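Because the structure is a prediction, the values reported are computed rather than measured. Sequence lines set the chain letters: A, B, ... in the order given, protein chains first and strands last, and positions in each chain run from 1.
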Protein chains: 2
Amino acid sequence: MSASWTIPTVAMAVDLAVLTVRAERLHVLLVNRGVEPYRGRLALPGGFLSTEDEDIDVAAERELAEETGLDASGLHLEQLRTYGAPGRDPRMRVVTVCYLAIMPDLPLPSAGGDADRARWVPVDRVLGRRRLLAFDHGQIIADAVDRARAKLEYTTLATAFCNPEFTISELRRVYEIVWSEELDARNFHRKVTGVDGFLVATGKRTSGNGGRPAVIYRRGPATVLHPPILRN
Amino acid sequence: MSASWTIPTVAMAVDLAVLTVRAERLHVLLVNRGVEPYRGRLALPGGFLSTEDEDIDVAAERELAEETGLDASGLHLEQLRTYGAPGRDPRMRVVTVCYLAIMPDLPLPSAGGDADRARWVPVDRVLGRRRLLAFDHGQIIADAVDRARAKLEYTTLATAFCNPEFTISELRRVYEIVWSEELDARNFHRKVTGVDGFLVATGKRTSGNGGRPAVIYRRGPATVLHPPILRN
DNA sequence: GCGCGTAATGGTCAGGTTGACGAAAACCGT
DNA sequence: ACGGTTTTCGTCAACCTGACCATTACGCGC
């Protein structure tokens, strides 16, 4: 390094891979890009830091709130990975810290006539056809889905896809849809009720589904599963 | 955002949490900081991007090679997490992408009379006393150790702590030291030899250790462990 | 009210895995 | 040759898993 070397700076962005289970499929929240580059393609919601000293976690929460119109508190939000290959944005050097968010299938407030509103897209529709996506967002979505699939095994992440109160069937559907794998209802029931701290019964029951009413549970204090629920 | 808003840029750094097992303890590679801020404290090796368009993965490999004097190829190197809280560096806004590196206990080429050379420090000596460390590096080391501990369960990461050829005992010592937990040698042997793709026998055997010679293995093609080796 | 379809939940049972530990194998040093 | 040491193989009970039958408890149509 010569004496004239100065510390390089880069544009700092955050992107969000927001996943949910909706209509029996895993979906990711995407926006239509209205500007170049990649105008017209689908992209992850996200953006640059709003000020030079905005915390990146705060920026992620802000973007999530802006894009979904929902309060980010209560939703699962974790850092996924940072993507910083030079050339990933043709305009300039951009390093983006990506976050994985998991939420239940809440109705997105469709406020404002904003044509570029975020919308849910089935993951399997975009993963096969990466040309639909801007930047390296196809790779990011693949990484996010991998992470989510893996974390269902050994953490209680699946409950983040559910409403605050849910049944064991609903939880099982989350596993089945995210993993694309059928699970035996009885064994699954035995397993999840056996892990302690995973589920807390509310005492309430469902009704009107044309079958035996299911006990309604709430998320328990556990965050890791011992033992894990393994895929095949 | 007003019309005069410009994209904020930040100084981009990479830091390395390099772990190894050495003298029956888990160690992390640290340097003595010779400059303010935090002069005199211990810090993770790392530094700013060398140019504005250096890839961050490449920067991590470069720093690793510079600090250890070793070729980074062949060593395990994965992104850990990005730390970007404002104020974590008192000089300016710095966002640092941290990497976790795992290596066997190779002798570090002590080339050059550089007083600030990297050296191995037992993890348990720094984790209790975070005041020894610069910036948020105490937290980063804690995160790195957590990640390593977790990945021993369900990946073949433990082999990255070993030389290319190793015995099952050596592998077991890695687990015991990283987890701070004793494992039964016979059950461990049965387990690791049962997972296929984990270990490949070389046909060679040890000698001169005052016991029955051990079969020497090499890392197999597997990267994930099915089933996992779980902690208690 | 009664049977039927449906979904939730409770069991059973064989097969596999784990943890605790005995024992044999194969070397070293003396 | 013998005791010490380390590796490797075996055994056995406890536990866990996957497959699957049975029971419970509802809504619905008649």
| field | Nucleotide D:dT8, atom P - distance to CD1 of B:I216 in whole Å | value | 10 Å
| Rounded to the nearest 0.5 Å, how far apart are CZ of B:R131 and CG of B:L42? | 15.0 Å
| query | When you look at CG of B:D184, are more than 12 heavy atoms from neighbouring residues, nucleotides or ligands closer to it than 6.0 Å? | reply | yes
| Using 30° and 60° as the class limits, which term best fits the ring planes of A:W179 and A:Y175: parallel, tilted or perpendicular? | perpendicular
| said: Can you measure B:H226 atom NE2 to D:dT17 atom C1' for me and round it to whole angstrom units? | reply: 15 Å
| For the pair made of CG in B:D184 and C1' in D:dT8, what is the distance, rounded to whole Å? | 12 Å
| field | From B:I141 atom CD1 to B:R130 atom CZ, the distance as rounded to the nearest 0.5 Å | value | 8.5 Å
| task | State whether the side chain of B:K151 and the backbone N or O of B:A158 hold a donor-acceptor pair below 3.5 Å, judged by distance alone. | result | no
| message | Without decimals, in angstroms, what is the distance between A:K204 NZ and C:dA8 P? | response | 18 Å
| query | Taking OP1 and OP2 of C:dT9, is either one under 4.0 Å from a side-chain nitrogen or oxygen of A:H189? | reply | yes
| query | So A:R173 and A:E170, salt bridge (charged side-chain N to carboxylate O under 4.0 Å, His left out) or not? Walk me through it. | reply | CA-CA 5 Å; A:R173 290 303 295 154; A:E170 287 165 3; over 6 Å; no
| Can you find a donor-acceptor N/O pair under 3.5 angstrom joining the side chain of A:R190 to the base of D:dG18? | yes
| request: Quick one, give me the B/S/- string for nucleotides 22-30 of chain C, reading 5' to 3', where B means a protein heavy atom under 4.0 Å from the base and S means that only happens at the primed atoms, P, OP1 or OP2. | output: B--BBBS--
| remark: Which of B:L44, B:L108, B:V121 passes side chain to side chain contact (heavy atoms under 4.5 Å, CB included) with B:L29? It is B:L108
| request: Name every residue in residues 165-181 of chain B that has at least one heavy atom under 4.0 Å from any atom of DNA chain D, in order of residue number, or write none if there are no such residues. | output: B:S169, B:R172
| field | Between P of C:dA20 and CZ of B:F188, the distance in whole Å | value | 15 Å
| query | Which comes earlier along DNA chain C counting from the 5' end, the contact point of A:V215 or that of B:P227, where each point is its nearest nucleotide? | reply | A:V215
| Backbone N or O of A:D143 within a donor-acceptor pair of the A:R81 side chain at under 3.5 Å? | no
| query | Strictly by modelled atom types, are B:Y83 and B:D15 linked by a side-chain donor-acceptor pair under 3.5 Å? | reply | no
| request: Taking only the side-chain heavy atoms of A:N187 (C-beta and beyond), determine which of D:dT17, D:dC20, C:dG19 contains the nearest atom. | output: D:dC20
| query | Does a side-chain N or O from A:K191 land closer than 4.0 Å to OP1 or OP2 of D:dT17, or not? | reply | yes
| request: Find the distance B:L225:CG to C:dT17:C1' and express it as a whole number of Å. | output: 15 Å
